[in-house]
Amino acid sequence: MKKLRKEEVIAYWKERRERRARILEERRNGAFAQKMKPVYQFMNRFSLIFHALLACLINFAIEAISRHSLVQAWSYMTQTPLVFLYNAFMIFMTFTVVYLFRRRVFARIIIGVLWMILGICNGYMLMKRVTPFNAQDLKVATDAVSLINNYFNGFEIVIVLVGIAAVIIWLISMWRRGGQYEGKIHRLLAIAGVAVCAMLFSFTTDQAIDKRVLSTYFGNIAFAYEDYGLPYCFMSSVFNTGIDEPNDYNKETIDQITNNGEMAENKTGRASDDLPNIIVVQLESYFDVDEAEFFTTSEDACPNLHEMYKNYSSGYFKVPSVGAGTANTEFEVLTGMNMRFFGPGEYPYKTVVKNQPCESAATALSALGYGTHGLHNNGGNFYSRAKVYDHMGFDSFTSKEFMNILQLTPNGWAKDEVLVDNIMEAMDTTEQQDFVFTVSVQGHGDYPEEQLIENPKIKVEGIDDEAKKNKWEYYVNMVYEMDQFAGDLVKAVEDRGEPAVVVFYGDHLPTMGLTAEDLKSRYLYNTNYVIWDNIGLEQQDRNIPAYQLMADVMNRLDIHSGTLFNYHQQRQNSKNYLSDLELLQYDILYGKQYAYKGNPPITEGHMEMGVKDATLTNIVPYLEKGYSLYGENFTKSSKVYVNGEKQKSTFLNNTRIVLPSTELSEGDVITVSQVGSSNTIFRTTDEYIYQGGQLVRQEGTGTDTTKSWTEQENEEK
């Protein structure tokens with residue numbers, strides 16, 4: 001390197017460029033190039049036609065990959081030609097930008113690769129779950145990393161990495177070898193052409209929607225992808241989000257809908273000491289398996305819930321999605337809002353509610369003195385629940401990072417039984433009545449085609465296909481254990497001796513490819529609900545949509561609180577009920593909030609993560625190296641920090657963590673944090689100073705539970 005001279009480097013790169021130029025010149029003047037020159041001229045002259053053919057070919061390819069079948073892709077193309085051509089037109093429109101560049105071959109390859117990657121991602125996603133690939137998956141990508149083992153095995157991860165590397169190498173090669181357009185580039189004309197194509201596409205889209213060739217509402221996103229194609233549905237999930245401003249939105253209209261703001265009032269006909277605890281439990285992928293008509297079970301899979309159905313209010317529960325969409329059913333229940341008015345495939349948790357406060361059942365009940373708690377035996381960051389619950393006015397949120405989960409399903413999801421004690425602990429933190437909203441996870445798919453449960457409690461009969469039978473037998477046994485959890489929770493509430501109402505419902509049907517003909521209700525958007533109570537509520541069996549549930553429960557309790565819940569109670573059977581609901585939802589989330597008269601029920605969050613502090617009591621050194629750290633309320637998500645640096649640690653139980661390689665010095669500061677995905681610190685203990693082999697606690701240095709955890713998270717950043 002010392003002998004290397006600047007002049008030599010310059011000469012080397014000059015020679016390299018000249019050599020490259022000679023090679024390209026030889027290729028251009030070679031026999032093959034001369035022979036192909038008329039072909040290239042012909043293709044350039046009619047490039048728009050070839051782009052159209054290429055767009056159709058790519059559209060067919062991504063649909064074949066998505067549907068896992070060339071035959072089904074052919075049927076889609078021939079049976080719905082207008083939809084197929086519309087999606088091909090969308091792909092064609094993206095190819096028009098190549099006329100702005102000289103490296104047109106490379107530009108075409110980039111665009112084509114992006115479309116093919118979209119199709120491959122969708123095809124793989126549909127192998128693992130019922131929900132197609134959409135824009136919301138990109139927004140939860142960082143959270144999903146923590147669940148990668150639930151969707152990919154080691155071999156599949158290697159194949160993905162090798163495939164990505166191969167595509168990158170190929171793209172680099174084509175950048176160098178793809179050649180350049182030699183004619184004059186008319187960029188202004190090209191830009192005008194792109195603009196005209198975009199306007200024509202916009203006009204075509206409006207006409208397709210107007211003529212019902214396409215739809216702007218996806219009741220089932222999986223069915224929508226099959227009916228309307230991947231390009232349209234995916235792009236709809238990217239660009240069509242939120243609620244468009246209704247034509248008649250103004251202050252006078254909202255005043256009329258809300259009776260001049262009266263619907264924002266919070267009141268109840270019950271005395272404060274007569275208000276019951278309200279516990280709402282969303283059961284993952286639950287429905288009463290007796291509703292299935294194509295198989296039977298060796299014994300009752302839901303004995304506890306069936307007993308409740310007989311004696312308490314119950315019925316079908318209409319949900320906004322099938323096979324997936326947990327967060328959207330949850331959103332409808334908590335807010336009283338109808339998902340129909342949002343963008344197709346949208347998750348408000350990842351769009352609007354993640355970033356701003358939103359009135360909810362928590363704010364409505366806290367206005368009457370309730371303590372409000374959220375629980376979920378999955379990660380606190382998944383679907384941004386930690387931030388969403390903070391924006392919805394919850395006092396606390398206990399996620400799996402604060403639970404000692406000892407039992408997992410064969411698929412790796414936490415079993416629901418762990419929720420019973422955590423619900424009781426959340427209620428113990430307050431002296432007043434409590435509203436507890438719990439989201440379970442045990443029933444989550446994917447359901448295995450091989451038999452994973454030895455000697456299952458419940459056996460499935462009537463299904464000949466072995467793989468399908470194994471899937472249903474696994475699911476039914478998960479339902480049985482979820483039913484046991486429901487029975488144990490009701491018993492714990494009874495033993496508590498306080499007035500209470502407990503609501504159980506399923507968030508959507510399982511990812512089993514069910515059809516309406518498979519079910520007694522003949523409707524794919526029905527699960528089941530029941531409202532148990534110990535206060536003598538009249539049994540009223542009827543079917544309820546998810547967005548009306550909390551309004552119905554509160555109405556039975558003579559509670560009239562929260563704008564949307566009051567609206568449902570007063571206007572449910574009135575003229576313009578749904579159109580006025582859309583106006584109200586727009587006003588609250590995207591408009592000027594005329595409904596609140598300048599006094600919104602929530603302007604900022606105050607939620608703490610978890611309801612128990614981890615504490616340290618002692619630290620014991622090993623003979624050679626490392627320590628055992630003793631304390632209370634440790635979980636697998638407890639991470640030890642020394643002077644702010646995370647230590648290698650091993651969780652043994654809720655009172656002991658091993659530090660195998662840590663070296664401590666006098667005066668070192670030790671803390672333990674509950675850490676979620678993306679290294680999010682949810683809660684931290686007080687600081688403990690290491691002095692003379694002992695731990696000296698510094699009171700008040702841990703997470704401030706009087707402030708919102710998100711506020712403190714942002715302060716640390």
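The analysis underlying the following values was restricted to heavy atoms, covering all of them including side chains, and did not include hydrogens, waters or symmetry mates. It should be emphasised that the depicted structure is a prediction, and the values quoted were computed from it without experimental measurement. For reference, positions follow the sequence shown, starting with 1.
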With no hydrogens and no angle check, just 3.5 Å: does a side-chain donor-acceptor pair link Glu330 and Tyr383?
no

Pair Asp686-Gln698, side-chain donor/acceptor within less than 3.5 Å
no

Under 3.5 Å, is there a donor on one side chain and an acceptor on the other for Asp704 and Thr706?
yes

What I want to check is whether the side chains of Lys646 and Asn679 have a donor and an acceptor closer together than 3.5 Å.
yes

Donor-acceptor pair between Asn411 and Thr409 side chains, under 3.5 angstrom:
no

Hydrogens and angles aside, do Ser321 and Asn328 bring a side-chain donor and acceptor to less than 3.5 Å of each other?
no

Flag the pair Phe394 / Tyr389 as yes when their ring centroid distance falls below 6.0 Å, and as no otherwise.
yes

Between Thr326 and Glu284, does any side-chain donor sit less than 3.5 Å from a side-chain acceptor?
yes

Taking atom types as modelled, is there a side-chain donor on His606 or Asp395 under 3.5 Å from an acceptor on the other?
yes

May I ask you to check whether over 12 heavy atoms, not counting those of Glu604, lie within 6.0 Å of atom CD?
no

Centroid separation Phe682 to Trp709 less than 6.0 Å:
yes

With a 3.5 Å cut-off and no angle check, do the side chains of Asp288 and Asn528 form a donor-acceptor pair?
no

Can you tell me how far the OG1 atom of Thr329 sits from the CE atom of Met339, to the nearest 0.5 Å?
9.0 Å

Does Glu666, at its CD atom, have more than 12 non-hydrogen atoms belonging to other residues, nucleotides or ligands within less than 6.0 Å?
yes

Could you check whether Glu359 and Thr335, counting side-chain N and O atoms only, form a donor-acceptor pair closer than 3.5 Å?
no

Just checking, any donor-acceptor pair under 3.5 angstrom between side chains of Ser396 and His373?
yes

Using side chain to side chain contact (heavy atoms under 4.5 Å, CB included), reason through Arg683 and Thr705 one step at a time and then give a plain yes or no.
CA-CA 9 Å; Arg683 189 162 177 157; Thr705 57; 3.4 Å; yes

Is there a donor-acceptor pair under 3.5 Å between the side chain of Asn377 and the backbone N or O of Val441?
yes

So Phe317 and Tyr529, would you call those rings parallel, tilted or perpendicular, with 30° and 60° as cut-offs?
tilted

Do the side-chain N and O atoms of Gln674 and Ser638 include a donor-acceptor pair separated by under 3.5 angstrom?
yes

Between the side chains of Ser708 and Thr710, does any donor sit under 3.5 Å from an acceptor?
yes

Give, for atom CG of Asp434 and atom OH of Tyr370, the distance between the pair rounded to the nearest 0.5 Å.
9.0 Å

Between Thr511 and Tyr447, is any side-chain donor less than 3.5 angstrom from a side-chain acceptor?
no

Ser677-Asn381 side chain donor-acceptor pair, cut-off 3.5 Å:
yes

Note: Glu481-Lys415 ion pair, threshold 4.0 Å (strictly below)
yes

When rounded to the nearest 0.5 angstrom, what distance separates CD1 in Ile602 from OG in Ser366?
8.0 Å

Can a side-chain donor-acceptor contact be found between Gln442 and Ser440 if the only test is distance below 3.5 angstrom?
no

Considering residues, nucleotides and ligands other than Glu299, do more than 12 of their heavy atoms fall under 6.0 Å from its CD?
yes

